[in-house]
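As the structure lists them, so they are numbered: ligands from 1, and atoms in each ligand from 1. Note that this is a predicted model, so its numbers are computed, not measured. In this chain, numbering begins with 1 at the start of the sequence shown.
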Amino acid sequence: MSGFFSQKYKELVPYVPGEQPQGRSYIKLNTNESPFPPSPRAVAAAAEAAKKLQLYSDPEMRLLKKKLSEVYGVPENAIFVCNGSDEVLNFAFMAFCDQGAVFPDVTYGFYEVFAQLNGVKYRKIPLKSDFTVDPADYTGTNETAFLANPNAPTGVFLPVKEIEKILSSNERRLVVVDEAYIDFGGESCLPLIKKYCNLLVTRTFSKSRSMAGARLGYAFASPALIADLETVKYSTNPYNVNAMTAAAGIGALEDGDYTEKNCLTIASNRAFAAEELEKLSFTVLPSRANFLFARHATVGGEELYLRLKEKGILVRHFGAERIKDFLRITVGSKEEMRALTEALKEILK
Ligand SMILES: *Cc1c(COP(=O)(O)O)cnc(C)c1O
């Protein structure tokens, strides 16, 4: 730390992203990227937009919002567009947490980092022993609630009617539902934004639309909440989404069939991999995401992570006490899932 770093950040522990190896080529099952390339329409649109990079991108993101509005049936003033959904999550911690924040003890690690970064007081609420959320733990609270649904890194889905209980219990408290993985089989809270002004739904092009490297996220909420987010955006970086990424996003939305087909393939590969892991004495949590969270009956998570890495397969291991026996495994192609189970068979033999 230099002598210049603000005192307010001296305790800050940054988020640790999954490894992105540059040398040896691994089967990468550690960051929930898609095994499929982006839609050719997204790639072509980005290349076309590159010819006009002398111009700033449209800060109002009109074309992309228009397309999102058509695809999701939501008015444009209820849509926010951002540089990955991490950005809108950070904005939500900046803008909407005067009463503090609550989130599960096992969830997306960035929530805690964003809370620290923004000086937001926060509490972690333990998930039940089966890693589900008990809505009753949230109905009596005033803090802004952050719920990833399906949750990460567990993949467990909380039914929309349970989220509605939390929303309706205290309409003066905001609930942020992070739907990064919703396209892989969960049911979205999106229809509830018309009914509840205290709901913010965040989404990303990173996972289901194979655009993690493009950095494109979006959010849905009442126009008043969106206006607040725009105030924060125009006070930090009005050009938060670059022109190539915005164009790629439109291309991807125009090729919805491609995304749908890929998500169905992932769901099928997920079922295959879960069954194979269970045969190898893993307990696999029920996942509606593009990853599995699994624990072996006898061998610890760290050991399996290291042994798989030696064999050229990267998965994610978290050291936190409650989940240290688990591996988070991205669901990739069928071949990748076969390579994973073959490697595990050898390791466990
Ligand atoms: C991947 C992920 C995000 C953020 O994705 P971006 O690439 O920033 O859009 C947000 N929430 C969860 C739970 C995620 O796993």
message = Centre-to-centre under 6.0 Å for Tyr218 and Phe205, is that the case here?
response =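 Between Phe205 and Tyr218, which both carry aromatic rings, the centre distance is below 6.0 Å.
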key: Thr144 (side chain) donor-acceptor with Phe96 (main chain) under 3.5 angstrom   =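 Yes; judged by distance alone, with no hydrogens or angles, the pair exists.
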query = Does NZ or CZ of Arg338 lie under 6.0 Å from the centre of the six-membered ring of Phe272, at an angle within 45° of the ring axis?
reply =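 Cation-pi check for Arg338 and Phe272: passes.
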query = If you measure from each non-hydrogen atom of Asp86 to ligand 1, which part falls under 4.0 Å: side chain, backbone, both or neither?
reply =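 Asp86 to ligand 1: contacts from backbone and side chain alike.
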ask   = Among the heavy atoms of Asp178, does any lie under 4.0 Å from an atom of ligand 1?
value =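 For ligand 1, residue contact (heavy atoms, under 4.0 Å) with Asp178 is present.
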task = Measure Glu87 to ligand 1 on non-hydrogen atoms and call it side chain, backbone, both or neither using the 4.0 Å cut-off.
result =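 For Glu87, no heavy atom sits under 4.0 Å from ligand 1.
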Atom 14 (C) of ligand 1: the protein heavy-atom neighbour that sits closest, reported with distance to 0.1 Å =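 For atom 14 (C) of ligand 1, the nearest protein heavy atom comes out as Lys207 NZ, 3.1 Å.
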ask   = Out of Glu179, Arg215, Glu33, whose heavy atom sits nearest atom 6 (P) of ligand 1?
value =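 Residue with the shortest heavy-atom distance to the ligand atom: Arg215.
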inquiry  = Under 4.0 Å from a heavy atom of Ser206: which atoms of ligand 1 are those, numbered in the order shown and with their elements?
reply    =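 Heavy-atom distances to Ser206 below 4.0 Å select 6 (P), 7 (O), 9 (O).
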Ligand-residue contact atoms, ligand 1 with Gly84, heavy atoms, under 4.0 Å =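 Counting atoms of ligand 1 from 1, those under 4.0 Å from Gly84 are 8 (O), 9 (O).
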query = Just distances here: any N/O of Tyr111 and N/O of ligand 1 closer than 3.5 Å?
reply =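 N/O-N/O distance under 3.5 Å: no.
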query = Relative to Phe131, does Arg322 satisfy both conditions: NZ or CZ under 6.0 angstrom from the six-membered ring centre, and within 45 degrees of the ring's axis?
reply =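 Ring-cation test returns yes.
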inquiry  = Please state which option from Tyr181, Phe291, Phe146, Tyr218 has its nearest heavy atom closest to atom 15 (O) of ligand 1.
reply    =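 The nearest heavy atom belongs to Tyr181.
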task = Check the surroundings of atom CZ in Arg24: do more than 12 heavy atoms from other residues, nucleotides or ligands lie under 6.0 Å from it?
result =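 Counting neighbours around CZ of Arg24, more than 12 heavy atoms of other residues, nucleotides or ligands fall under 6.0 Å, so yes.
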key: ligand 1 contact on Ser85 by region, counting heavy-atom pairs under 4.0 Å   =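 Both backbone and side chain.
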message = If only side-chain N and O atoms count, and only distance matters, is there a donor-acceptor pair under 3.5 Å linking Asn118 with Asn90?
response =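 Yes, side-chain donor-acceptor contact under 3.5 Å.
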ask   = Does the salt bridge (charged side-chain N to carboxylate O under 4.0 Å, His left out) test come out yes or no for Lys66 and Glu76, once each step is laid out?
value = CA-CA 6 Å; Lys66 184 160 173 283; Glu76 285 161 51; over 6 Å; no
